[in-house]
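Working notes, structure below.
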Amino acid sequence: MSKPVSFFVGIIAVGLLGVFFAITSAPAGFPVNKQITITEGATSSQIADLLQTEKVIKSAALFRFLLRVGGGERGVQAGDYWFGEPLFSWRVIGRLVRGQFVLQPVKLTILEGSSVAQIEKAIFDKLPALLGSKVGNLGEIFPDTYFVPPQISFDKLMEMARRNFMRQTASLRAKTLLTGRTWNDIVVMASIIEEEASDESDRRMIAGVLWKRLDIGMPLQVDVAPETYKRVGLPDQAIVNPGLDAIDAAVHPTESEFWYYLADETGKTHYAATFDEHKENKIKYLK
């Protein structure tokens with residue numbers, strides 16, 4: 001073969017290889033950190049369509065072709081597959097044929113009303129490889145049970161918690177526009193309410209009291225946030241991670257004549273419209 005012809009063939013080969021890499025590369029929107037289930041008895045067409053719908057592959061037709069050429073058309077193993085990073089189509093096929101299932105996910109529970117230290121302890125107990133990482137804004141970490149791969153990075157874990165928070169609070173964020181409050185103020189107030197009461201009606205009543213104090217420039221004076229005794233206004237950030245009920249209470253406070261409240265030894269809340277009534281409640285209910 002002459003040199004010009006060899007050169008021309010080489011150019012074509014490089015071009016075809018480039019096209020092949022382009023069409024078999026991971027599509028935009030690849031579901032990073034998502035589990036895909038291949039059911040028992042699924043055909044290659046059904047599997048290809050599922051993977052295309054989930055954006056694991058670009059083309060179902062190309063996937064079926066590669067699977068057939070590679071001799072793995074009947075060898076795909078049913079099961080749960082965890083995709084932690086974008087993969088080329090042939091690597092996806094390799095995993096399905098070899099049955100490289102998801103690693104056993106780690107069950108991580110973050111409770112409502114958790115502090116930074118409590119959330120970090122929950123994470124490090126389950127994912128010791130992340131020891132030393134620092135939790136940021138508590139108002140972006142939704143209390144929930146998460147099933148995560150054992151090799152997950154701290155940043156991806158926090159992003160998962162933030163996305164969950166945004167998804168779970170979508171309707172309440174929309175309603176916040178009607179209150180005239182900022183979303184950050186709602187979340188910070190909710191974090192205080194989370195600590196101040198557990199009963200739904202008390203939470204809404206206390207929210208009404210605290211918003212009234214805030215609106216007239218009165219210090220909030222709540223024990224769960226000592227800085228509110230020293231200055232007017234809300235803390236700069238959430239003091240704990242609030243749950244949906246506390247956030248809902250912050251968005252939908254109960255209007256009342258009350259300006260003061262306290263909880264007795266049984267946890268029951270007593271309200272007062274004046275400071276003198278509040279002092280009487282202290283005498284009656286606090287020892």
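Numbers here simply count residues along the sequence, with the first being 1. All values below come from the heavy atoms of this structure, side chains included, with hydrogens, waters and symmetry mates left out.
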Between Glu257 (side chain) and Ala273 (backbone), is there a donor-acceptor pair under 3.5 Å? no
Hey, does Met158 have a side-chain heavy atom less than 4.5 Å from the side chain of Ile123? yes
Listed pairs under 3.5 Å, donor-acceptor, residues 105-121 side chains, sequence neighbours left out:
unit_1	atom_1	unit_2	atom_2	d
Thr109	OG1	Thr145	OG1	3.1
Ser114	OG	Leu111	O	2.7
Ser115	OG	Gln118	N	3.2
Ser115	OG	Gln118	OE1	3.4
Gln118	OE1	Ser115	N	2.8
Glu120	OE2	Val135	N	3.0
Lys121	NZ	Asp125	OD2	2.7

So does Glu227 have more than 12 non-hydrogen atoms from other groups sitting under 6.0 Å from CD? yes
Begin with the C-alpha distance, continue with both residues' side-chain angles, and end with the deciding distance and a verdict on side chain to side chain contact (heavy atoms under 4.5 Å, CB included) for Phe154 and Leu131. CA-CA 9 Å; Phe154 189 76; Leu131 189 65; over 6 Å; no
Nearest 0.5 Å please: distance from the OG1 atom of Thr43 over to the CG atom of Asp49. 7.5 Å
Can you list the residues that meet the side chain to side chain donor-acceptor pair (under 3.5 Å) rule with Gln221, with sequence neighbours excluded? none
Take Ser25 and Lys58 through the side chain to side chain donor-acceptor pair (under 3.5 Å) test and state the conclusion after the steps. CA-CA 8 Å; Ser25 62; Lys58 288 180 178 177; 2.9 Å; yes
Report yes or no: do Phe147 and Trp82 belong to one cluster of Ile/Leu/Val/Met/Phe/Trp/Tyr joined by side chain heavy-atom distances under 4.5 Å? no
Check: Tyr81 and Arg95 side chains under 4.5 Å, non-hydrogen atoms: yes
Is there a path of hydrophobic side-chain contacts, each under 4.5 Å between heavy atoms of I/L/V/M/F/W/Y residues, joining Val32 to Ile57? yes
With sequence neighbours excluded, residues passing side chain to side chain donor-acceptor pair (under 3.5 Å) with Asp215: Arg181
Just checking, is any N or O donor in the side chain of Ser153 or Asp155 under 3.5 Å from an acceptor N or O on the other one? no
Heavy atoms, side chains only, cut-off 4.5 Å: are Leu157 and Val148 in contact? yes
Apply side chain to side chain contact (heavy atoms under 4.5 Å, CB included) to the pair Val97 and Gln77, showing each step before the final yes or no. CA-CA 6 Å; Val97 172; Gln77 299 189 42; over 6 Å; no
Hey, quick one: are Val92 and Phe65 part of the same hydrophobic cluster, counting side-chain heavy atoms closer than 4.5 Å, chains of contacts allowed? yes
So which atom in Pro27 and which in Val56 form the shortest heavy-atom distance, rounded to 0.1 Å? CD-O, 3.5 Å
Counting distance only, does the side-chain N/O of Thr176 pair as donor-acceptor with the main-chain N or O of Leu172 below 3.5 Å? yes
Value rounded to 0.5 Å, distance of CG in Leu286 from CG in Asn281: 8.5 Å
Between Arg231 and Asp236, is a salt bridge (Lys or Arg N to Asp or Glu O under 4.0 Å) present by the stated rule, with each step listed? CA-CA 12 Å; Arg231 64 180 178 88; Asp236 295 330; 3.7 Å; yes
Please name all residues satisfying side-chain contact (heavy atoms from CB on, under 4.5 Å) with Thr274, sequence neighbours left out, ordered by chain then number. Asp276, Glu277
Any idea which heavy atoms bring Ala161 and Tyr146 closest together, and the distance? CA-OH, 3.6 Å
Distance-minimising heavy-atom pair for Ala246 and Ile193: O-CD1, 4.3 Å
Determine, step by step, whether Lys284 and Asp264 satisfy the side chain to side chain contact (heavy atoms under 4.5 Å, CB included) criterion, reporting the C-alpha distance in whole Å, the side-chain angles of both residues, the deciding distance to 0.1 Å, and the verdict. CA-CA 9 Å; Lys284 281 199 287 187; Asp264 63 24; over 6 Å; no
Residue pairs fulfilling ring pair (Phe, Tyr, Trp, His ring centres under 6.0 Å) with at least one residue in residues 266-287, sequence neighbours excluded: Phe258-Tyr271, Tyr260-Phe275, Tyr260-His278, His270-Tyr285
Donor-acceptor contact present, side-chain Glu54 to main-chain Leu51, <3.5 Å: no
Say whether Leu67 and Val69 are linked into one hydrophobic cluster, either directly or through other cluster members, by side-chain heavy-atom distances under 4.5 angstrom. yes
I need the minimum non-hydrogen distance between Leu130 and Phe124, along with the two atoms involved. O-CE2, 3.1 Å
Please enumerate all residues that pass side chain to side chain donor-acceptor pair (under 3.5 Å) together with Thr254, with sequence neighbours excluded. none
Do the non-hydrogen side-chain atoms of Leu66 and Phe63 ever get within less than 4.5 Å of each other? no
Just how far is it from atom CG of Asp202 to atom OG1 of Thr269, taken to the nearest 0.5 Å? 3.5 Å
Yes or no on side chain to side chain contact (heavy atoms under 4.5 Å, CB included) for Tyr261 and Glu196, after CA distance, side-chain angles and deciding distance? CA-CA 10 Å; Tyr261 64 91; Glu196 288 288 275; 2.4 Å; yes
If I compare all heavy atoms of Leu138 with all of Val240, which pair ends up nearest, and what's the gap? CD1-CA, 3.6 Å
All N/O donor-acceptor pairs, side-chain side in residues 203-210, below 3.5 Å, sequence neighbours left out:
unit_1	atom_1	unit_2	atom_2	d
Arg203	NE	Ala197	O	2.7
Arg203	NH1	Asp245	OD2	2.9
Arg203	NH2	Glu194	OE2	2.9
Arg203	NH2	Ala197	O	3.2
Arg204	NH2	Asp248	OD1	2.4

In the structure I gave you, are the side-chain heavy atoms of Ile152 and Met160 within less than 4.5 Å of one another anywhere? yes
I'd like to know if the side chain of Arg213 and the backbone of Trp259 have a donor-acceptor N/O pair within less than 3.5 Å. yes
Can you list everything that forms a side chain to side chain donor-acceptor pair (under 3.5 Å) with Ser45? Sequence neighbours excluded, please. none
Salt bridge (charged side-chain N to carboxylate O under 4.0 Å, His left out) partners of Arg163, counting only residues at least two apart: Glu159
Side chains of Pro219 and Thr228: does their closest heavy-atom pair fall under 4.5 Å? no
Students should find that the hydrophobic cluster of Leu177, defined by side-chain heavy atoms under 4.5 Å apart, otherwise consists of none
Report yes if the side chains of Lys55 and Phe30 come closer than 4.5 Å at any heavy-atom pair, otherwise no. no
Among pairs that include at least one residue of residues 130-142, which meet side-chain hydrogen bond (donor to acceptor under 3.5 Å, both in side chains), considering only residues two or more places apart or in two chains? none
Met166-Val251 co-clustered via ILVMFWY side chain contacts under 4.5 Å: yes
Taking C-beta and beyond as the side chain, do Lys175 and His252 meet within less than 4.5 Å on heavy atoms? yes
Going by atom type alone, with no hydrogens or angles, which donor-acceptor pairs under 3.5 Å involve a side-chain atom of residues 183-191 and a protein atom two or more places apart or on another chain?
unit_1	atom_1	unit_2	atom_2	d
Asp185	OD2	Thr182	OG1	3.4
Ser191	OG	Val188	O	2.5
Ser191	OG	Ile239	N	3.1

About how many Å separate CZ of Arg64 and CD1 of Ile93, when rounded to the nearest 0.5 Å? 11.5 Å
